[in-house]
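Quantities reported herein were computed from a predicted structural model and do not represent experimental measurements. In the text below, chain A, chain B and the rest are named by the order of the sequence lines, each starting its count at 1.
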Protein chains: 2
Amino acid sequence: MTVSLRERRRQQTARDIQIATLELAAEKGLETITTEEIAAAAGVSTRTFFNYFTNKETAAIGAPPAFKEEDLQALREGTGSLAADIKIFLDKHIEVLAGDEPILKLIGSVLRSNEKARGILEGFLAMGRIELRDCLNTRVGNPYAAAALASSIMDTIGRAIYLWEHEDGLSLVAALDVIWEGTIRASQLLAAPSE
Amino acid sequence: MTVSLRERRRQQTARDIQIATLELAAEKGLETITTEEIAAAAGVSTRTFFNYFTNKETAAIGAPPAFKEEDLQALREGTGSLAADIKIFLDKHIEVLAGDEPILKLIGSVLRSNEKARGILEGFLAMGRIELRDCLNTRVGNPYAAAALASSIMDTIGRAIYLWEHEDGLSLVAALDVIWEGTIRASQLLAAPSE
DNA sequence: GCAAACATTGCACACTATGCAAAGAGGCAA
DNA sequence: TTGCCTCTTTGCATAGTGTGCAATGTTTGC
């Protein structure tokens with residue numbers, strides 16, 4: 001687990017730049033601030049900023065946490081009802097996200113006002129959907145249903161974060177419970193022969 | 001239904017620019033072409049290009065067709081099963097999309113390689129989701145379930161287009177049927193107490 | 001026809017993003 | 001510790017993006 005000084009510095013600089021970006025963006029909006037300002041706030045040159053990130057938006061978003069391999073495996077091999085196993089998976093992942101709440105909130109506000117940032121996030125989400133779809137497909141044996149489930153799950157996460165951001169006093173975990181209930185209800189409505 | 005000469009010219013110029021953008025992008029990639037090239041191909045000045053669109057990506061995507069008010073109303077007031085009424089809604093909308101198949105295919109390839117374009121499309125899709133959610137909420141009386149359904153529907157459209165783009169010989173309508181079946185199957189799996 | 005409204009264009013300018021080369025700092029072996 | 005190699009930072013040059021402004025044309029309605 002030895003990490004070289006160089007590596008540690010790189011991580012630190014990347015994080016410094018992300019924090020500087022998010023703080024300045026929260027204050028003045030990502031659109032109005034310049035890469036020069038961000039670099040100055042992070043204590044590096046403009047050129048160095050671009051050595052770390054290709055643009056402001058990427059700097060603001062950073063690298064979202066990936067799904068844990070063990071959680072994916074549990075979902076693949078789970079023996080409970082599919083809904084129950086997915087809920088467990090979601091709880092695990094939301095726990096990871098909850099570890100970075102302040103940054104998550106800042107990123108949320110950037111996403112609401114910046115098209116390019118949304119596109120970059122969409123790229124990450126698309127990767128997550130593919131990972132989930134493949135995982136679920138081994139369980140349900142139907143690629144189209146697996147893709148639909150994967151989308152539902154990613155969407156549930158997204159809406160849970162959104163609810164948490166906008167509802168004071170609601171924890172991320174609690175927000176997920178609320179949104180999840182809606183997801184299940186929607187499934188029942190769609191699956192019902194008539195209602 | 002009188003449209004002034006000015007208005008017609010504006011529409012025409014906007015379309016000229018979009019077509020020029022998509023054709024050049026198909027040939028060389030949206031990243032590598034410049035706004036100057038696009039403007040020249042569309043027969044306007046660079047400055048005029050920016051009077052119509054704020055960037056290349058917006059020019060490529062143009063304005064996706066909105067849901068028809070009558071279709072939304074039919075969905076709101078439908079008396080069949082929810083799934084059946086949603087399928088009718090989807091069929092109607094896919095029919096509109098099928099009217100612009102060549103452009104749809106070009107846009108698809110742009111979206112696959114361009115982050116900013118994806119973000120812009122996401123913005124449009126988010127608007128569609130809100131419209132659908134509100135519509136469905138009046139029918140099912142549960143905002144969270146309505147939001148989940150709206151996401152499912154938008155996602156179904158997106159995946160149907162994707163399948164159609166990648167599967168030769170499959171019509172848009174047929175692709176929608178395949179994807180829709182997967183969506184329904186996913187709902188049954190999620191709604192089932194155990195499977 | 002004339003004036004107001006709108007469209008097009010050129011020009012200037014701030015900002016974004018990349019390539020290249022020089023200088024600085026860390027890693028590693030003798 | 002020294003010296004060499006590698007990686008990092010930086011400045012500079014340059015192509016491209018996007019906006020404000022003002023001049024010049026076009027369309028519209030009166």
Side-chain angles (χ1 to χ4, degrees), chain A residues 1-22 24-25 27-62 110 113-120 123, chain B residues 1-22 24-25 27-62 110 113-120 123:
Chain A
M1 216 41 181
T2 22
V3 183
S4 70
L5 174 57
R6 253 185 201 160
E7 188 54 25
R8 264 180 292 135
R9 286 215 174 146
R10 251 200 107 71
Q11 300 293 336
Q12 188 56 47
T13 304
R15 197 167 172 84
D16 286 350
I17 294 174
Q18 185 186 15
I19 303 278
T21 305
L22 286 171
L24 282 171
E27 193 186 327
K28 308 203 259 170
L30 190 59
E31 310 285 356
T32 60
I33 62 179
T34 67
T35 51
E36 208 172 324
E37 277 183 272
I38 298 171
V44 296
S45 73
T46 308
R47 193 62 190 77
T48 297
F49 172 93
F50 284 109
N51 285 345
Y52 280 84
F53 300 100
T54 56
N55 49 53
K56 290 189 277 194
E57 289 75 18
T58 308
I61 292 180
V110 165
S113 68
N114 189 296
E115 291 173 339
K116 197 165 172 182
R118 274 201 303 270
I120 291 164
Chain B
M1 219 38 180
T2 22
V3 183
S4 69
L5 173 59
R6 245 181 210 164
E7 188 55 25
R8 261 180 295 136
R9 284 211 178 148
R10 255 201 103 73
Q11 300 293 337
Q12 188 55 47
T13 303
R15 197 167 172 85
D16 287 349
I17 294 175
Q18 186 186 13
I19 303 279
T21 305
L22 286 171
L24 282 172
E27 194 185 327
K28 307 203 260 169
L30 190 58
E31 310 284 356
T32 61
I33 61 179
T34 67
T35 52
E36 208 171 325
E37 278 183 272
I38 298 170
V44 296
S45 72
T46 308
R47 192 64 189 79
T48 297
F49 172 93
F50 284 110
N51 285 345
Y52 279 83
F53 299 100
T54 55
N55 50 53
K56 292 189 274 193
E57 289 75 19
T58 308
I61 292 182
V110 165
S113 68
N114 190 294
E115 289 174 338
K116 197 165 171 181
R118 275 202 301 272
I120 291 165

Residue-level proximity of residues 30-42 of chain A to DNA chain C when a heavy atom falls under 4.0 Å: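 DNA chain C contact set from residues 30-42 of chain A: A:I33, A:T34, A:T35.
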Output the residues of residues 43-53 of chain A in contact with DNA chain C, where contact means a heavy atom of the residue under 4.0 Å from an atom of the strand; sort by number or write none. A:R47, A:F50
Would you tell me whether [X] and [Y] have side-chain atoms, one donor and one acceptor, within less than 3.5 Å of each other?
X	Y	result
A:T58	A:N55	yes
B:N114	B:R118	no
A:N51	A:T48	no

Take the protein atom [atom1] of [X] and the nucleotide atom [atom2] of [N], then report the distance between them rounded to whole Å.
X	N	atom1	atom2	result
A:R8	D:dC7	CZ	P	18 Å
B:E7	D:dT26	CD	C1'	15 Å
A:I17	C:dA17	CD1	P	14 Å
B:R9	D:dG25	CZ	C1'	11 Å
A:Q12	D:dC7	CD	C1'	18 Å
B:K56	D:dA15	NZ	C1'	12 Å
A:R10	D:dC7	CZ	C1'	9 Å
B:N55	C:dT16	CG	C1'	13 Å

Considering only heavy atoms from C-beta outward, does the side chain of A:T21 approach that of A:L30 to under 4.5 Å? yes
Strictly below 4.0 Å: does B:R6 bring a side-chain N or O up to OP1 or OP2 of D:dT28?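 For D:dT28, OP1/OP2 do not have a side-chain N/O of B:R6 under 4.0 Å.
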Within less than 4.0 Å of OP1 or OP2 of D:dT17, is there a side-chain N or O belonging to A:K116? no
Let me confirm one number: the [atom1]-[atom2] distance from [X] to [Y], rounded to the nearest 0.5 Å.
X	Y	atom1	atom2	value
B:Q11	B:E7	CD	CD	5.0 Å
A:I17	A:F50	CD1	CZ	10.5 Å
B:I33	B:K28	CD1	NZ	7.5 Å

Short N-O contact, A:E31 and A:K56, less than 4.0 angstrom: no
Of all the choices, C:dG26, D:dT26, D:dT9, which nucleotide is nearest to the side chain of A:L5 once you look at every atom?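 Nearest to the side chain of A:L5 among the choices is C:dG26.
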Do A:R10 and A:Y52 meet the cation-pi criteria used here (NZ or CZ under 6.0 Å from the six-membered ring centre, within 45° of the axis)?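 Yes.
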